[in-house]
Asker: 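Please read through the structure below; I'll follow up with questions.
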Amino acid sequence: MGCCNVSARRAASAGACQDEVELLEIGGSRKWSISEAQSEGSLHLRDPVTMTETGGNLRLAEEEDFQGRIRELNPQAELLWGRTREELRNFLFTQPIAGWEGTSIHSLGEIVWSSLVLMRSCHMEEMSERYIVLFPFQLLILSVDHMKKTFVYQGLLPLAGMSVRDVPSDTGCMFEMTGPMIESRIISCLSPAEFHIWVLSIQQHIKMANAHWPAHPSNIIPLLVPCDEQWKKRKLMKHLFYTTILKWEGKPIQHLGRIHYLAMVQVAYAGMGDFEERLLVLFPEDLVFLSVDRERTGIAYEGKLPLAGIQAKEKSAMLGRLEFEITGNLTEPILVACSTAEDYEKCLFYLQKPEQNLDTVTVQPPPMVPKKSLQR
């Protein structure tokens with residue numbers, strides 16, 4: 001087993017100097033820079049300050065303090081279930097995580113830092129034990145099942161657009177993470193050394209994420225589409241109510257009620273063989289079809305159907321062919337293909353209606369049915 005060592009060196013990039021700290025950890029190397037974004041308040045967080053870019057280089061005394069914090073951590077110390085930090089890192093990549101959603105954990109990149117913390121949302125008072133893992137552009141949140149000695153997936157937060165703020169506390173080891181797409185989280189570290197490491201590393205990777213994905217609300221669509229995780233669905237539901245939807249017709253979307261469910265699906269119309277990508281949005285009384293452009297920069301309106309005037313019939317629930325058909329007096333048959341079993345089951349749950357509803361429905365004026373593409 002190796003040891004933990006920190007070396008600081010001066011690097012010049014694009015004519016600007018920055019301090020670069022390299023953390024040599026067991027079996028690998030972790031590196032981040034402490035640039036102009038780190039202010040004096042970022043390292044001496046006894047007063048409530050917002051940790052944003054304020055200019056100024058890290059002074060030598062602060063740099064030595066940071067190195068001392070790293071040296072306080074024993075790389076061979078057992079963090080959880082008799083495992084060291086490095087052993088837990090390998091555990092994450094080799095053992096299944098209960099409730100995991102989305103793509104493989106390997107696609108997130110190298111682990112920058114990880115540790116056991118206490119966490120709560122801004123609306124909760126009680127802290128919960130969490131194991132958080134920092135990747136280059138995301139923060140993975142896991143709960144801990146001590147009985148089974150395994151991790152349980154709780155969410156994956158994008159770093160783009162986030163900010164970090166000190167939260168005054170008795171321990172002085174608490175900070176808050178906020179952002180345009182996440183519910184605010186209060187994180188309490190178990191030691192001052194962990195606190196400093198988390199603050200500096202998160203700040204640096206927020207900068208990196210912002211450089212790749214601008215944090216302006218109009219540019220968050222690439223982060224949310226495809227909406228293949230629950231947090232993406234929740235954020236996209238909220239985003240639809242304040243973003244501009246191109247070609248929108250009828251009463252405002254805010255007047256359609258609460259969104260019950262949404263899913264990215266493929267649709268095909270009767271007599272047309274090609275499927276088209278659509279965002280299916282289920283309201284209490286309406287089914288709305290939206291499209292997202294190829295660049296993932298804009299959302300457009302494609303049509304709306306009253307739920308009382310349609311019904312959904314199962315076509316195929318075979319693996320790889322999760323399809324159902326929408327029929328009704330006001331539209332030609334529409335074949336819908338879902339990418340996940342959850343989307344398939346939830347869409348059918350909200351769409352399936354007794355057949356007698358079709359005989360009594362009267363709709364005035366006729367709704368705008370989903371548009372067919374002119375391209376064949």
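No experiment lies behind these values; they were computed from the predicted model shown.
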Asker: Under 3.5 Å, side chain of His205 to main-chain N/O of Pro136, donor-acceptor pair present?
Answerer: yes

Asker: Using a 3.5 Å distance criterion without hydrogens, assess whether the side chain of Ser201 forms a donor-acceptor pair with backbone atoms of Trp198.
Answerer: yes

Asker: Tell me if a side-chain donor or acceptor on Trp113 pairs with a main-chain N or O of Ile197 at a distance below 3.5 Å.
Answerer: no

Asker: Identify the two heavy atoms, one from Ser291 and one from Glu302, that lie closest to each other, and give their separation to 0.1 Å.
Answerer: OG-OE2, 2.7 Å

Asker: Does one hydrophobic cluster hold both Trp81 and Leu190, with members joined at side-chain heavy-atom distances below 4.5 Å?
Answerer: yes

Asker: Using a cut-off of 6.0 Å, state whether more than 12 heavy atoms not belonging to Gln95 lie near its atom CD.
Answerer: yes

Asker: Set out, in order, the CA-CA distance, both residues' side-chain angles and the distance that settles side-chain contact (heavy atoms from CB on, under 4.5 Å) for Met119 and Ile132, then state yes or no.
Answerer: CA-CA 9 Å; Met119 177 183 291; Ile132 57 176; 3.5 Å; yes

Asker: Looking at Met127, I'd like to know if its CE atom is crowded, meaning that more than 12 non-hydrogen atoms belonging to other residues, nucleotides or ligands lie closer than 6.0 Å.
Answerer: yes

Asker: List the steps and the verdict of salt bridge (Lys or Arg N to Asp or Glu O under 4.0 Å) for Glu129 and Arg120.
Answerer: CA-CA 9 Å; Glu129 188 179 51; Arg120 67 173 175 86; over 6 Å; no

Asker: Regarding Glu194 and Arg85, does a basic nitrogen lie under 4.0 Å from an acidic carboxylate oxygen?
Answerer: yes

Asker: Does the plane of the ring in Phe91 sit parallel, tilted or perpendicular to the ring in Phe151? Use 30° and 60° as the thresholds.
Answerer: perpendicular

Asker: Measuring from atom NZ of Lys346 to atom CG of Leu351, what distance do you get when rounded to the nearest 0.5 angstrom?
Answerer: 13.0 Å

Asker: Are Arg185 and Ile141 packed together at the side-chain level, in the sense that at least one heavy-atom pair is separated by less than 4.5 angstrom?
Answerer: yes

Asker: Please walk me through it: do Asp145 and Lys149 pass salt bridge (Lys or Arg N to Asp or Glu O under 4.0 Å)?
Answerer: CA-CA 6 Å; Asp145 187 333; Lys149 293 186 177 180; over 6 Å; no

Asker: Going through the distances and angles, do Ile259 and Leu240 end up as a side-chain contact (heavy atoms from CB on, under 4.5 Å)?
Answerer: CA-CA 10 Å; Ile259 297 177; Leu240 291 176; 4.1 Å; yes

Asker: Aromatic rings Tyr261 and Tyr350: how do their planes relate, parallel, tilted or perpendicular, breaks at 30° and 60°?
Answerer: parallel

Asker: Work out which heavy atom in Leu279 is nearest to a heavy atom in Cys227; give both atom names and the distance.
Answerer: CD1-SG, 4.1 Å

Asker: Same hydrophobic cluster for Leu118 and Val152, using side-chain heavy-atom links shorter than 4.5 Å among ILVMFWY?
Answerer: no

Asker: Would you check if Tyr301 and Leu246 make a side-chain contact, meaning some heavy-atom pair closer than 4.5 Å?
Answerer: no

Asker: Check side chain to side chain donor-acceptor pair (under 3.5 Å) between Trp248 and all other residues, then give those that pass, not counting sequence neighbours.
Answerer: none

Asker: Among Met177, Gln138, Met162, which residue meets the side-chain contact (heavy atoms from CB on, under 4.5 Å) test with Leu157?
Answerer: Met162

Asker: Phe349 and Leu307: same hydrophobic cluster, using ILVMFWY side-chain contacts below 4.5 Å?
Answerer: yes

Asker: Should the ring pair Phe135 and Phe93 be called parallel, tilted or perpendicular, given that the plane angle runs from 0 to 90° and is split at 30 and 60?
Answerer: perpendicular

Asker: In Å and rounded to the nearest 0.5 Å, what is the CD to CG distance from Gln204 to Leu134?
Answerer: 10.5 Å

Asker: Working to the nearest 0.5 Å, report the span between CD1 of Ile186 and CD of Glu125.
Answerer: 12.5 Å

Asker: side-chain contact (heavy atoms from CB on, under 4.5 Å) between Glu276 and Arg278: does it pass, once the steps are laid out?
Answerer: CA-CA 6 Å; Glu276 300 171 345; Arg278 290 290 183 266; 3.0 Å; yes

Asker: Give a yes or no answer on whether the side chain of Arg83 reaches the backbone of Glu87 with a donor-acceptor pair at less than 3.5 Å.
Answerer: no

Asker: Quick check: do Val164 and Glu176 have side-chain heavy atoms less than 4.5 Å from each other?
Answerer: no

Asker: Kindly say whether Ala160 contributes a backbone atom to a donor-acceptor pair with the side chain of Asn210 at under 3.5 angstrom?
Answerer: no

Asker: To the nearest 0.5 Å, what is the distance between OG1 (Thr327) and CD1 (Ile310)?
Answerer: 8.5 Å

Asker: Report, as yes or no, whether the 6.0 Å neighbourhood of atom CZ on Phe241 holds more than 12 heavy atoms from other residues, nucleotides or ligands.
Answerer: yes

Asker: Could you grab the distance from atom SG of Cys347 to atom CG of Leu282, nearest 0.5 Å is fine?
Answerer: 5.5 Å

Asker: Going by the side-chain contact (heavy atoms from CB on, under 4.5 Å) test, name the single residue among Ile111, Thr94, Val133, Thr84 that passes it with Arg89.
Answerer: Ile111

Asker: As a quick check of understanding, evaluate side chain to side chain donor-acceptor pair (under 3.5 Å) for Gln230 and Tyr153, giving each step before the final call.
Answerer: CA-CA 11 Å; Gln230 289 303 316; Tyr153 178 83; over 6 Å; no

Asker: Is there a side-chain contact (heavy atoms from CB on, under 4.5 Å) between Met174 and Phe195? Walk through the geometry before answering.
Answerer: CA-CA 7 Å; Met174 192 176 294; Phe195 171 74; 5.8 Å; no

Asker: Salt bridge or not between Arg258 and Glu285? Use side-chain N to carboxylate O under 4.0 Å.
Answerer: no

Asker: According to salt bridge (charged side-chain N to carboxylate O under 4.0 Å, His left out), who are the partners of Asp343, at least two apart in sequence or on a separate chain?
Answerer: Lys233

Asker: Quick check for you: to the nearest 0.5 Å, what is the distance between Cys173 atom SG and Asp166 atom CG?
Answerer: 10.0 Å

Asker: How about Glu325 and Gln311: does a side-chain donor come under 3.5 Å of a side-chain acceptor?
Answerer: no

Asker: For Asp286 and Pro306, work out which heavy atoms get closest and say how close.
Answerer: OD1-CA, 4.0 Å

Asker: Would you indicate whether the side-chain heavy atoms of Tyr344 and Glu314 approach each other to under 4.5 Å?
Answerer: yes

Asker: Answer yes or no: is there a side-chain heavy-atom contact under 4.5 Å between Leu79 and Leu88?
Answerer: yes

Asker: Does a side chain donor of either Thr178 or Ser184 reach within less than 3.5 Å of an acceptor in the other side chain?
Answerer: no

Asker: Would you indicate whether the side-chain heavy atoms of His146 and Leu80 approach each other to under 4.5 Å?
Answerer: yes

Asker: Compare all side-chain heavy atoms of Tyr269 with those of Leu335 and state whether any distance is below 4.5 angstrom.
Answerer: no

Asker: Can you name the closest pair of heavy atoms from Val265 and Cys338 and give their distance?
Answerer: CG1-SG, 4.1 Å

Asker: Using distance alone, with no hydrogens and no angle criterion, decide if Tyr131 and Gln154 have a side-chain donor and acceptor under 3.5 Å apart.
Answerer: no

Asker: Do Asp293 and Ile299 come close enough that some side-chain heavy atom pair is under 4.5 Å?
Answerer: no

Asker: Closest approach of Gly298 and Ile221, non-hydrogen atoms and distance?
Answerer: N-CD1, 3.9 Å

Asker: Work out which heavy atom in Leu140 is nearest to a heavy atom in Gly155; give both atom names and the distance.
Answerer: CD1-O, 3.6 Å

